[in-house]
Protein chains: 2
Amino acid sequence: MNATFGEYIRKLRTDNGLTLTELAALLKLDSANLSKIENGKREFDEKRLDKLASAFSLDIEKLKVEYFGDQFAKKMFEFKCSPETLIVAEEKVKYLKSINMVQTEIKF
Amino acid sequence: MNATFGEYIRKLRTDNGLTLTELAALLKLDSANLSKIENGKREFDEKRLDKLASAFSLDIEKLKVEYFGDQFAKKMFEFKCSPETLIVAEEKVKYLKSINMVQTEIKF
DNA sequence: GTAAATTTGTCAATAATTGACAAGTTAAAA
DNA sequence: TTTTAACTTGTCAATTATTGACAAATTTAC
């Protein structure tokens, strides 16, 4: 599976035999705007990931991987970032975790 | 080297013996706001990456790696994304490139 | 102690995102 | 074909987020 997040939603929707209007209702948004999301002309709002997961009984962790993976990829593509960026990101996640752990230790 | 982007700027600045006011002037922003950036209380604006690069004669590509790596890491940390996210991001960058190539071929 | 450097708080101005609706096109069914 | 549902596109006011700017601390280095 490889697709933009919009394409991913569209596949989910059509595979499950829903119309834009039907899924839009579940996600509490306008069907016209859902159309734009599926066609990559609007962003899907982070806040609706939970609704999307429950609409199709998806694992929210898997969904986050798709969603944020898409976000990062779009940025990298737009700004022509070197692949090294992702390696550095991985290191920095570890760094943030270590910082946070220390803070937590101090605080409590 | 491992640091947030704010810490990274601070190191560059102090290593080069500049005050907040001096670097802020080069970046065309308020020194108070630069302080916040260095302390992770504000975002550094994408649009100033070029100015930052030339202020310290940095390779803009390396700088982008630091900058976007930091952005992605912060998101991942905030939303507790699985490391898998970065692998998916890498795949999706390839996908976007392939899509774009096809479009380019058709258009011209 | 004081002067420079830095930090923090605030807020109006600007910019970006969202929700909503109208008006269009496409597609499938009769 | 005509009709009807599905989808797409454009627009814009309203909401929300970001930025620039300045005042007022606080910290640091003589």
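In this structure, the CD atom of A:Glu38 is 15 Å from the C1' atom of D:dT9, given to the nearest Å. Atom CG of A:Leu34 and atom C1' of C:dC21 are 16 Å apart (whole Å). Per the geometry, CD belonging to B:Glu43 stands 12 Å off C1' belonging to D:dT19, to the nearest Å. Here the P atom of nucleotide C:dG9 and the NZ atom of B:Lys41 are 7 Å apart, to the nearest Å. As rounded to whole Å, 18 Å separates atom P of C:dT17 from atom CG of A:Asp30. Summarising the geometry, the separation between NZ on B:Lys47 and P on C:dT14 is reported as 14 Å, rounded to the nearest angstrom. Between the CG atom of B:Leu20 and the P atom of D:dA21 there is a distance of 16 Å, given to the nearest Å. In this structure, CD1 of B:Ile37 is placed 12 Å from P of C:dT7, rounded to the nearest angstrom.
Contact annotation for A:Thr19: backbone-only contact, meaning every heavy-atom pair under 4.0 Å involves sugar-phosphate atoms and none involves a base.
Considering only side-chain N and O atoms, B:Arg42 lies nowhere under 4.0 angstrom from the phosphate OP1 or OP2 of C:dT10. Here A:Asn39 reaches the OP1 or OP2 of D:dT8: one of its side-chain N or O atoms lies under 4.0 Å away. Distances shorter than 4.0 Å separate none of the side-chain N or O atoms of B:Arg10 from OP1 or OP2 on C:dA5. The phosphate of D:dT18 has neither OP1 nor OP2 within less than 4.0 Å of any side-chain N or O from B:Arg48. Between B:Ser35 and the phosphate of C:dT6, there is no side-chain N or O to OP1/OP2 separation shorter than 4.0 Å. Listed pair B:Lys36 / C:dT8 fails the phosphate criterion, with no side-chain N or O lying under 4.0 Å from OP1 or OP2.
Using cut-offs of 30° and 60° on the angle between ring planes, the pair A:Phe44 and A:Tyr67 is perpendicular.
Both B:Asp45 and B:Ala32 lie near DNA chain D, and the one whose nearest nucleotide falls closer to the 5' end is B:Asp45.
Between the side chains of B:Glu7 and A:Tyr95, at least one donor N or O lies within less than 3.5 Å of an accepting N or O.
Ion pairing of B:Lys64 with B:Glu61 is present here, as a side-chain N (NZ or NE/NH1/NH2) and a carboxylate O approach within less than 4.0 Å.
The side chain of B:Arg13 approaches C:dT6 more closely than any other nucleotide in the set C:dG19, C:dT6, D:dC7.
Residues A:Leu96 and A:Leu86 fall into different hydrophobic clusters, defined by Ile, Leu, Val, Met, Phe, Trp and Tyr side chains chained together at heavy-atom separations under 4.5 Å.
A:Val93 and B:Met76 make their closest contact through CG2-CB, 3.9 Å (heavy atoms, listed as atom of the first residue, atom of the second, distance).
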